[in-house]
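Encoded as structure tokens, the structure appears first; notes follow it.
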Amino acid sequence: MSEAQSGDREAQYLMALIYLEGRLVAKDFTASRSWMLKSAEQGYVRAQDGMGEMYLNNVRHDGPVPGYGEAERWLRLAATQDDADAQVSLGTGYERGYFGAIDYREALKWLRKAAGQGLPDAQFCIGQMYQEGEGVPESNSLAESWFRKAADHFAYVEGRPVGGVWEAEVELANMHRDGRLPKYDLQAYTWFAIVDSSLDPPIDDDVKRVARHMTKAQIAHARHMAEDWTTRHTWRANVATSPDPTH
């Protein structure tokens with residue numbers, strides 16, 4: 001607090017997080033926004049991203065958000081300085097029309113930048129765009145490629161471990177089950193088994209449904225593939241709790 005009051009922009013940003021998350025003090029969005037703005041106005045990139053995120057906070061629908069001009073301005077300031085989180089927020093904002101209108105060209109531009117920095121959420125969003133043909137030619141093969149990048153993911157972004165996207169695993173399972181991708185029974189079983197392994201309790205209805213069209217040898221092979229994948233990705237269980245969001 002002393003450093004923040006003295007004008008240290010990083011300390012101001014950390015004070016914003018303290019009030020936003022209720023660490024040591026009661027949650028106070030007004031105080032959090034005040035400190036975030038002070039830091040952002042001094043050019044602190046994380047705070048600029050934070051200001052943009054505050055405008056997008058609790059968005060649950062497509063279409064323009066209140067204060068979308070300011071949301072776009074702050075996110076763009078951070079995104080142009082290679083902040084991956086701001087880039088993915090800016091990209092999804094353009095893709096969903098948060099900033100007044102849908103702009104798939106800008107969406108793809110910023111999502112590719114974030115994906116290039118190893119952000120799995122951006123990789124998943126690009127996969128969705130190819131799956132739906134949003135601003136790009138519809139392509140199941142390219143959608144699969146991006147979904148696999150998002151699902152089978154291990155990287156460090158600014159020193160923090162980043163996990164894969166569970167929704168990408170679900171999309172891969174559905175695409176193989178529906179025959180939009182080749183070898184759909186074996187791959188569908190594998191991905192549904194991977195999805196089930198992360199659920200407590202597991203929901204194995206889809207696995208059983210796919211298994212009806214498979215031989216015992218195919219089922220054994222698919223189980224082995226799923227177990228091998230899950231074993232290689234056991235680190236993902238700790239990703240959400242281990243990193244400190246300020247480092």
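Atom OH of Y104 has more than 12 neighbouring heavy atoms from other residues, nucleotides or ligands inside a 6.0 Å radius. Heavy-atom contacts from other residues, nucleotides or ligands closer than 6.0 Å to CD of Q81 number more than 12.
The salt bridge (Lys or Arg N to Asp or Glu O under 4.0 Å) check on E144 picks up R148, with sequence neighbours excluded. Evaluation of the ring pair (Phe, Tyr, Trp, His ring centres under 6.0 Å) rule for Y94 yields F99 as partners, not counting sequence neighbours. The side-chain contact (heavy atoms from CB on, under 4.5 Å) check on K109 picks up E106, K113, with sequence neighbours excluded. Every salt bridge (Lys or Arg N to Asp or Glu O under 4.0 Å) that K208 has, sequence neighbours left out, goes to D204. Taking the side-chain contact (heavy atoms from CB on, under 4.5 Å) definition, one finds that R73 meets it with E70, L77, sequence neighbours left out. Looking at residues two or more places apart in sequence or on another chain, you find no salt bridge (Lys or Arg N to Asp or Glu O under 4.0 Å) involving D103. Scanning for side-chain contact (heavy atoms from CB on, under 4.5 Å) contacts around A173 gives W191, F192, with sequence neighbours left out. For V170, the side-chain contact (heavy atoms from CB on, under 4.5 Å) test picks out W166, N174, V195, with sequence neighbours left out. When the salt bridge (Lys or Arg N to Asp or Glu O under 4.0 Å) test is applied to D8, no partner is found at least two apart in sequence or on another chain.
Nearest approach of A79 to L90, heavy atoms of both residues: CB-CD2, 3.9 Å. For the residue pair L111 and C125, the shortest heavy atom distance occurs at CD1-CB, 3.8 Å. Across all non-hydrogen atoms, the minimal contact from A4 to Q12 is O-NE2, 3.2 Å. Shortest non-hydrogen contact noted between Q87 and D82 is NE2-CA, 3.5 Å. Across all non-hydrogen atoms, the minimal contact from V207 to A193 is CG2-N, 3.8 Å. In terms of heavy atoms, A107 sits closest to E95 at CB-N, 3.6 Å.
With Q123 contributing its side chain and A168 its backbone, the two residues share no donor-acceptor pair below 3.5 Å. Formation of a donor-acceptor pair under 3.5 Å by the E21 side chain with backbone atoms of K27 is not found in this model.
Side-chain contact check for E138 and Q131: no donor-acceptor pair (N or O, by modelled atom type) lies under 3.5 Å. Q128 and E134 share no side-chain donor-acceptor pair at under 3.5 Å.
Here the straight-line distance linking atom CD of Q218 with atom OH of Y189 works out to 11.5 Å at 0.5 Å rounding. Atom-to-atom distance recorded for M225:CE and T190:OG1 is 4.0 Å, nearest 0.5 angstrom. One finds the CD1 atom of I126 at 10.0 Å from the OG atom of S145 (value rounded to the nearest 0.5 Å). Of the inter-residue distances, the one linking R23 atom CZ with L17 atom CG reads 6.5 Å to the nearest 0.5 angstrom.
Cluster membership for V25 and M1, using ILVMFWY side-chain heavy atoms within less than 4.5 angstrom, is shared. Under the 4.5 Å side-chain heavy-atom criterion for ILVMFWY residues, no single connected hydrophobic cluster contains both V45 and L56. M51 and I18 are members of different hydrophobic clusters when ILVMFWY side chains are connected at heavy-atom separations under 4.5 Å.
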Start with the C-alpha distance between E53 and L75, add both sets of side-chain angles, then the distance that settles side-chain contact (heavy atoms from CB on, under 4.5 Å), and finish with yes or no. CA-CA 8 Å; E53 297 294 344; L75 288 173; 4.1 Å; yes
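Annotation: side chain of W146 is not in contact with side chain of M129 (no heavy-atom distance under 4.5 Å).
You'll find the ring centres of Y19 and F29 outside the 6.0 Å limit. For Y44 and Y13, the gap between ring centers is short of 6.0 Å.
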Sequence neighbours left out, cut at 3.5 Å: what donor-acceptor pairs do the side chains of residues 30-40 make with other protein atoms?
{"from": "S32", "atom 1": "OG", "to": "A16", "atom 2": "O", "distance (Å)": "2.7"}
{"from": "R33", "atom 1": "NH2", "to": "Y55", "atom 2": "OH", "distance (Å)": "2.8"}
{"from": "S39", "atom 1": "OG", "to": "R9", "atom 2": "O", "distance (Å)": "2.7"}

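Among pairs with a residue in residues 204-225, none fulfils ring pair (Phe, Tyr, Trp, His ring centres under 6.0 Å), at least two apart in sequence or across chains. Sorted by first and then second residue, the salt bridge (Lys or Arg N to Asp or Glu O under 4.0 Å) pairs involving residues 170-179 (not counting sequence neighbours) are R177-D206, D178-R180.
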